[in-house]
**Q** 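This is the structure I have questions about; it appears just below.
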Amino acid sequence: MAEEFYSLVTNTGLSKQLESLETGLPFEITQIALGDGNGTYYEPSKEQTKLVNEVWRGNIETCEWSDDRFYCVTTVPADVGEFTVREAGVFDSGNNLIVISKFPETIKQTSDTGTVKQLTIRIEMLLTNDELAELVVNPNIQMVTKSEVEETLGNFQAISEKGIPNGYAPIDENGLIPEEYIPEIETKSLLTPFCLNSCKLDTKGNPDLLSSKTVKVAKYTSSILGVFYTALDTVLEKDVVVYADTELKDVLSTIVVIDEETGYISFGEIETLSEDEENLLHYSGSVTGDFYIQETLEVGTECYSDEEYTDLIGVVTYLNLTKICISNDETYTLDGNVTTHIYITAAAPFTYTTALSKTHTVEDDLVLDVIDLCPEDGESAAFNLFVSNDGDEYSLLALQNEIFTQMLEPDDYSINDIWFRILEPLASYIYLLNVWQETNLVPIGVFSLEGGEE
């Protein structure tokens, strides 16, 4: 029988809505959390204050009307995944669960699997009164109320009219004109050369391309796993992922069990458990394979690879009906070493055009670690940020340089300076090894760094 999926306003959510209607004051909804329901569906209740098993949380990106229904929307990034969504919740700025949703089972894989990238989550925000749409406010997200849509709709062309003969060009899901609808003269784009031509905008319509984030990474050593790393503010607890590198890209393992008082920790992978009907002491795990126990299967039970109980493979560190983890308890220590990263991110999608009038659309966020560019304590440094293309790969490059836009070769220049020659045929050059070399670098922003311990 098909599952029934729905959303409920929690008791807390109802209280918040009634309070807003009485006072006329807004309350903020800020985040959407996803959970896996601990591996199974359940029926949400109005008494809930949290998800059964939260696996991811992110900021609400938009709130929107659709067919007289009010929705909150967020996007799970491409590099986040390896979980199955069965439950979802909307939280306010005080971390109160406002709406709980029974969600269609959705497997979120990471982009390196080649099967999925970003995942958009859309949850209906059940309102007791339409006026609440104007009271539910978060200044960090873009929102439009039903009344605002009705007031302004007549000033714009209908979506259905876009792309018709002699009409406006169509727009894509990002509010941009698709490249195939932009006229070209021979092989040259009409978009401005040597320039960023389009990017995401903020709620005021200003470019919102670049963002920065400082990440501090702590180093640990465990008695069996060896060295591993986490973000400095990470709380070591069940289901936390640890990494083999300071960039937190190479996943090393996942915490299955941890005892903060004793310093014992277990790493491993939760696997599916099945038993042999003919031998109650014989089991199979999807990762471990066949194993044997001497008595009852429970947390702490020793597991062996042979029926003679001579080859110990570990103990049960996690057990839940048909799921199990077998690993060794080990101690861990915080080494005290902290690695700092400063990431500059260019948010996709964005479009830029090289000096040779070739237009590129970048579909995935580009990230650059600029920690090695930080100046000495008390000093500051300004940088130009460029985007480059090598085949199908895009990357960011930060340079302390000057950009010349002129017809003739500059008179006073230094290494890494860029010259955009505004003389047909257009071209751009970078000064390296005492010579101007042609380059496809295009400036997309500027940033500065302040030197210091922080």
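Everything numeric in this text was worked out from a predicted model, so none of it was measured.
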**Q** Between atom OH of Tyr318 and atom OG of Ser327, what is the distance when rounded to the nearest 0.5 Å?
**A** 13.0 Å
**Q** Tell me if the centroids of the rings in Trp436 and Tyr431 come within less than 6.0 Å of each other.
**A** yes
**Q** Should the pair Arg86 and Phe103 be classed as cation-pi, given the thresholds of under 6.0 Å to the six-membered ring centre and 45° from the axis?
**A** no
**Q** Can you name the side-chain contact (heavy atoms from CB on, under 4.5 Å) partners of Lys219, sequence neighbours left out?
**A** Val227, Tyr229, Asp335, Asn337
**Q** Assess whether side-chain contact (heavy atoms from CB on, under 4.5 Å) is satisfied between Val217 and His341, documenting all intermediate values.
**A** CA-CA 8 Å; Val217 180; His341 299 283; 3.7 Å; yes
**Q** Are the side chains of Phe267 and Val256 in touch, meaning some heavy atoms are under 4.5 Å apart?
**A**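 The answer is no, as the side chains (C-beta and beyond) never meet within the 4.5 Å cut-off.
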**Q** Are side-chain N/O atoms of Asn440 and Asn389 paired as donor and acceptor at under 3.5 Å?
**A** no
**Q** Filter on salt bridge (Lys or Arg N to Asp or Glu O under 4.0 Å), then keep only pairs touching residues 16-26, sequence neighbours left out; what's left?
**A** Lys16-Asp92
**Q** Which residue in the set Thr353, Thr192, Asn197 passes side-chain hydrogen bond (donor to acceptor under 3.5 Å, both in side chains) when paired with Thr359?
**A**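 So the option named by the test is Thr353.
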**Q** Would you tell me whether Asn401 and Asn384 have side-chain atoms, one donor and one acceptor, within less than 3.5 Å of each other?
**A**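 On atom types as modelled, these side chains qualify, holding a pair under 3.5 Å.
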**Q** Under the side-chain contact (heavy atoms from CB on, under 4.5 Å) criterion, do Val235 and Val240 qualify, and how do the steps go?
**A** CA-CA 8 Å; Val235 177; Val240 166; over 6 Å; no
**Q** Is there a donor in the side chain of Lys46 and an acceptor in the side chain of Thr10, or the other way round, less than 3.5 Å apart?
**A**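 No.
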**Q** Mind checking what makes side chain to side chain donor-acceptor pair (under 3.5 Å) contact with Ser222, not counting sequence neighbours?
**A**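 Side chain to side chain donor-acceptor pair (under 3.5 Å) list for Ser222, sorted by chain: Glu330.
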**Q** Examine Tyr332 together with Phe228 and report whether their ring centres are nearer than 6.0 Å.
**A** no
**Q** So which pairs with a foot in residues 401-413 pass salt bridge (Lys or Arg N to Asp or Glu O under 4.0 Å), sequence neighbours left out?
**A**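 Found none.
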**Q** For Glu247, which residues count as a salt bridge (charged side-chain N to carboxylate O under 4.0 Å, His left out) partner, sequence neighbours excluded?
**A**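 Once residues adjacent in sequence are excluded, Glu247 has no partner under the salt bridge (charged side-chain N to carboxylate O under 4.0 Å, His left out) criterion.
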**Q** Just checking, is any N or O donor in the side chain of Thr351 or Thr361 under 3.5 Å from an acceptor N or O on the other one?
**A** yes
**Q** May I ask you to check whether Thr75 and Glu61 show a side-chain donor-acceptor distance below 3.5 Å?
**A** yes
**Q** Using a distance-only test with no angle check, is there a side-chain donor-acceptor pair under 3.5 angstrom linking Thr246 and Thr339?
**A** no
**Q** For the residue pair Arg57 and Phe91, would you count it as a cation-pi contact if the rule is NZ or CZ under 6.0 angstrom from the ring centre and within 45 degrees of the ring axis?
**A** yes
**Q** Quick one: ring-ring contact (aromatic ring centres under 6.0 Å, His included) partners of Phe420, sequence neighbours excluded?
**A** Phe194
